[in-house]
Protein chains: 2
Amino acid sequence: MATIRDVAKSAGVSVATVSRVLNKKGYVSKESEKAVMSAIASLNYEPNSVARTLNNKSSSMIGLVVPDITNPFFPELARAIEDVANIYGYTVVLCNTDEEVKKEKQYLHALKQKYIDGIILTTSSLSDEDYSKLNIPIVALDRVIDDKTPSVFSDNKKGGEMATEHLIANGCKYLAHIRGPIGVGPADDRYEGFVETAEKFNVPYIVVNADFHLDRSREVAEELLRNHPNIDGIFASSDVAAAGVMKAAHSVGRLIPENLNVIGFDGIPMGTMLTPALTTVKQPIYDMGALATRLLIKQVEKTRLDTYHYKLETKLVVRETTKNLEVSHE
Amino acid sequence: MATIRDVAKSAGVSVATVSRVLNKKGYVSKESEKAVMSAIASLNYEPNSVARTLNNKSSSMIGLVVPDITNPFFPELARAIEDVANIYGYTVVLCNTDEEVKKEKQYLHALKQKYIDGIILTTSSLSDEDYSKLNIPIVALDRVIDDKTPSVFSDNKKGGEMATEHLIANGCKYLAHIRGPIGVGPADDRYEGFVETAEKFNVPYIVVNADFHLDRSREVAEELLRNHPNIDGIFASSDVAAAGVMKAAHSVGRLIPENLNVIGFDGIPMGTMLTPALTTVKQPIYDMGALATRLLIKQVEKTRLDTYHYKLETKLVVRETTKNLEVSHE
DNA sequence: CTGAAAGCGCTTACAG
DNA sequence: CTGAAAGCGCTTACAG
């Protein structure tokens, strides 16, 4: 492969001059530029990015840290991130941490060694100072780390309210919430939205704890439905949990939506694949990923951010697991 | 950050000696080694991987090229790849190509610039020579590129046979196959397995063309079920397509599995989330990814491969969308 | 067993 | 506007 020396020689100039035209930096006479350009073309020269990285301490790579790409919430996020990274000439390194501190540390470390330019964190097992000690631009996605770290997340509380209002508007008289993991910000916010709305409208409700996973949600939902057969509206804290609720309803012989409304949260593609298709509160997943990446790149390129925290709107997507129970009773 | 010079100075040796202990290469006296080790520890020194890469022309990174990580077949593959890459000290760069030649070329190019050590391809839009010209170790995953490129894939034909046999064993008298995209190897093989088995057992069948996507599969399945109401067993070429079939069945009022058996292919997690849970032919997705990565790393580290092409077994996973129709009629 | 030196392929003050 | 030289932080013949 041709190097910058080869180009310099072939163009009859110094490597410094070649470097200048490569980077469009500093003065270069028209003639020199021409000579360099044609040398580059004829030698099929491409600057070596590793050598550049070593000098610039910048690799044009960003790291994406997720708990587990297998969780259906993340692929779309990853796609968005990669898409906009690609537009700006960055490449993305994928890291699954399983929320393990050790793995996360190890990855952040490895990324730093590689002069990674920035990191998008969708998990945060470490302490704030661990992150700031890293001294690499970070954007928090689907969570908030601290005030100084830019973050992108959706309005989970309002989403919880929307879900609950929808159930109530549909005539549900006894609500339940399959709550996500306690202590996880988005899950807590959705819970709050649920509780406040149910109370605001004076509708009785029950909350049961689960995680975001299918099996656990299914179990608790089944028990819930058996013990409280008059529940007629369930808000699950994630779409996957809602799928578990649907299975539970099937087990106990409840018909969705005819005598049980179910609504999820997230808006992942799986929801459309269910039968009946899942009504949900959709987060703008792709937009979240895209925005986070833009913010990160801005930081990398030292552009001042005007806003640090972006709360994006969620949207009610009515599909087939909810319907107006009063109308249907007629 | 401390550099190798700092360590050398602090240990009272030359950088060459430090480098030797770092790489466990060449002779170093016990004493020098000790001095270096403690200098490393006290300075908290870590070798700079970019500088190493520049020298070694090896980055300890591998590229993963997928059409779209959002396709639910890929996250598990990506996870497996990242897991084993991590074990061997490699990091993975994610590239979505949308099967576009231009994007793929651009990525392969960028990866090469970064001295990427190897590439796993789950797509192959380019010509064989484009790949060999790259001159980077490659492993083909879920497809075959050519004889000299190691590949990992599952036994799609046999999988198709298993699916079909299962339907027949369940007493299905009139079969249909929702075929995947024509010309895509795995889809073609599943199709062949279906046709041969149906003919072998002399069971009438219909094949309709679709892609691997939900909507198209749903459409063709709905039309199929309307026009041929006596179809009682459908083999869909992917789990996502099977989800489409389930929606179609629901639309036309067919009950699964009571009077329509449905079986998918892939074994992605979504299948378990459906109600009823999807019977499927499971590919060993994680194992495929893991094996491909091991093969790639072997090549990178110049270990001779004894086998180039690995065809892995698929497995029938009976869940809730199939049951013996004859028994149920009693 | 060890060090001085060249080299990986760039970038960037500095002097002119 | 341009080039010689130092430097980014390592590795690796080579000579001793």
TODO: Establish, with yes or no, whether the OP1 or OP2 oxygen of dG16(C) is under 4.0 angstrom from a side-chain nitrogen or oxygen of Tyr27(A).
DONE: no

Open item on the list: Do Gln299(B) and Leu296(B) have side chains that approach each other closer than 4.5 Å (heavy atoms only, starting at C-beta)?
Closed with: yes

Open item on the list: Just N and O in the side chain of Asn23(B): are any of them under 4.0 Å from OP1 or OP2 of dT11(D)?
Closed with: yes

Task: Euclidean distance, atom CZ of residue Arg5(A) to atom C1' of dG7(C) [Å, nearest integer] - done: 10 Å

Open item on the list: Looking only at side-chain N and O atoms, does Tyr115(B) offer a donor or acceptor that is under 3.5 Å from a partner on Asn48(A)?
Closed with: yes

Task: Sugar-phosphate, base or nothing in reach of Val13(B), heavy atoms under 4.0 Å - done: sugar-phosphate

- [ ] Return the 5'-most residue of the pair Val28(B), Ala51(B) with respect to DNA chain C, ranking by each residue's nearest nucleotide.
- [x] Val28(B)

TODO: For Asn55(B) and dA5(C), give me the distance from atom CG to atom P, rounded to whole Å.
DONE: 18 Å

Task: Distance, rounded to the nearest Å, where Met1(A) contributes CE and dC8(C) contributes C1' - done: 14 Å

TODO: Inspect the surroundings of NZ in Lys9(A) and state if more than 12 heavy atoms from other residues, nucleotides or ligands are less than 6.0 Å away.
DONE: no

Task: Salt-bridge criterion met for Lys133(B) and Asp130(B) (N-O under 4.0 Å) - done: yes

- [ ] Measure the distance from CG on Leu54(A) to C1' on dC8(D) and round it to the nearest whole Å.
- [x] 4 Å

TODO: Choose from dA5(C), dT2(D), dC10(C) the nucleotide whose nearest atom is closest to any side-chain atom of Ile4(A).
DONE: dC10(C)

Open item on the list: Nearest whole Å is fine: how far is dC10(D) P from Lys114(A) NZ?
Closed with: 14 Å

Task: Whole-Å gap separating C1' (dG9(D)) and CG (Asp6(B)) - done: 10 Å

- [ ] Check whether any side-chain nitrogen or oxygen of Ser29(A) sits under 4.0 Å from OP1 or OP2 of dC1(D), and answer yes or no.
- [x] no

Task: Point-to-point distance, once rounded to the nearest 0.5 Å, from CG of Leu141(B) to CD1 of Ile119(B) - done: 13.5 Å

Open item on the list: Strictly below 4.0 Å: does Lys57(A) bring a side-chain N or O up to OP1 or OP2 of dG9(D)?
Closed with: yes

Open item on the list: Strictly below 4.0 Å: does Lys25(A) bring a side-chain N or O up to OP1 or OP2 of dT12(C)?
Closed with: yes

Open item on the list: Nearest whole Å is fine: how far is dG3(D) P from Glu31(A) CD?
Closed with: 12 Å

Open item on the list: Once you apply a heavy-atom cut-off of 4.0 Å, does Ser19(B) come out as touching a base, just sugar-phosphate, or nothing?
Closed with: base

Open item on the list: Suppose we call a contact any N or O donor and acceptor under 3.5 Å apart; does that hold for the side chain of Arg20(A) and the base of dG3(D)?
Closed with: yes

TODO: Send over the distance from Lys9(B) NZ to dA4(C) P, rounded to a whole Å.
DONE: 13 Å

Open item on the list: Looking at dG3(D), I'd like to know if its phosphate oxygens (OP1 or OP2) sit under 4.0 Å from a side-chain N or O belonging to Thr17(A).
Closed with: yes

TODO: Could you check whether Glu46(B) gets within reach of a base, just the sugar-phosphate, or nothing at all, counting any heavy atom under 4.0 Å?
DONE: sugar-phosphate

Task: Nearest-nucleotide comparison on DNA chain C, the residue closer to the 5′ end among Tyr115(B) and Lys30(B) - done: Lys30(B)

Task: Nucleotide nearest Arg52(B) (side chain, heavy atoms from C-beta), chosen from dT12(C), dC10(C), dC10(D) - done: dC10(D)

Task: Val65(A) and its side chain to side chain contact (heavy atoms under 4.5 Å, CB included) partner, picked from Ile120(A), Ile138(A), Leu108(A) - done: Leu108(A)

TODO: Just call it for Ser32(A): base, sugar-phosphate, or nothing, with non-hydrogen atoms closer than 4.0 Å on any strand.
DONE: sugar-phosphate

Task: Any strand: nucleotide that pairs with dC14(C) via Watson-Crick or wobble, under 3.5 Å - done: dG3(D)

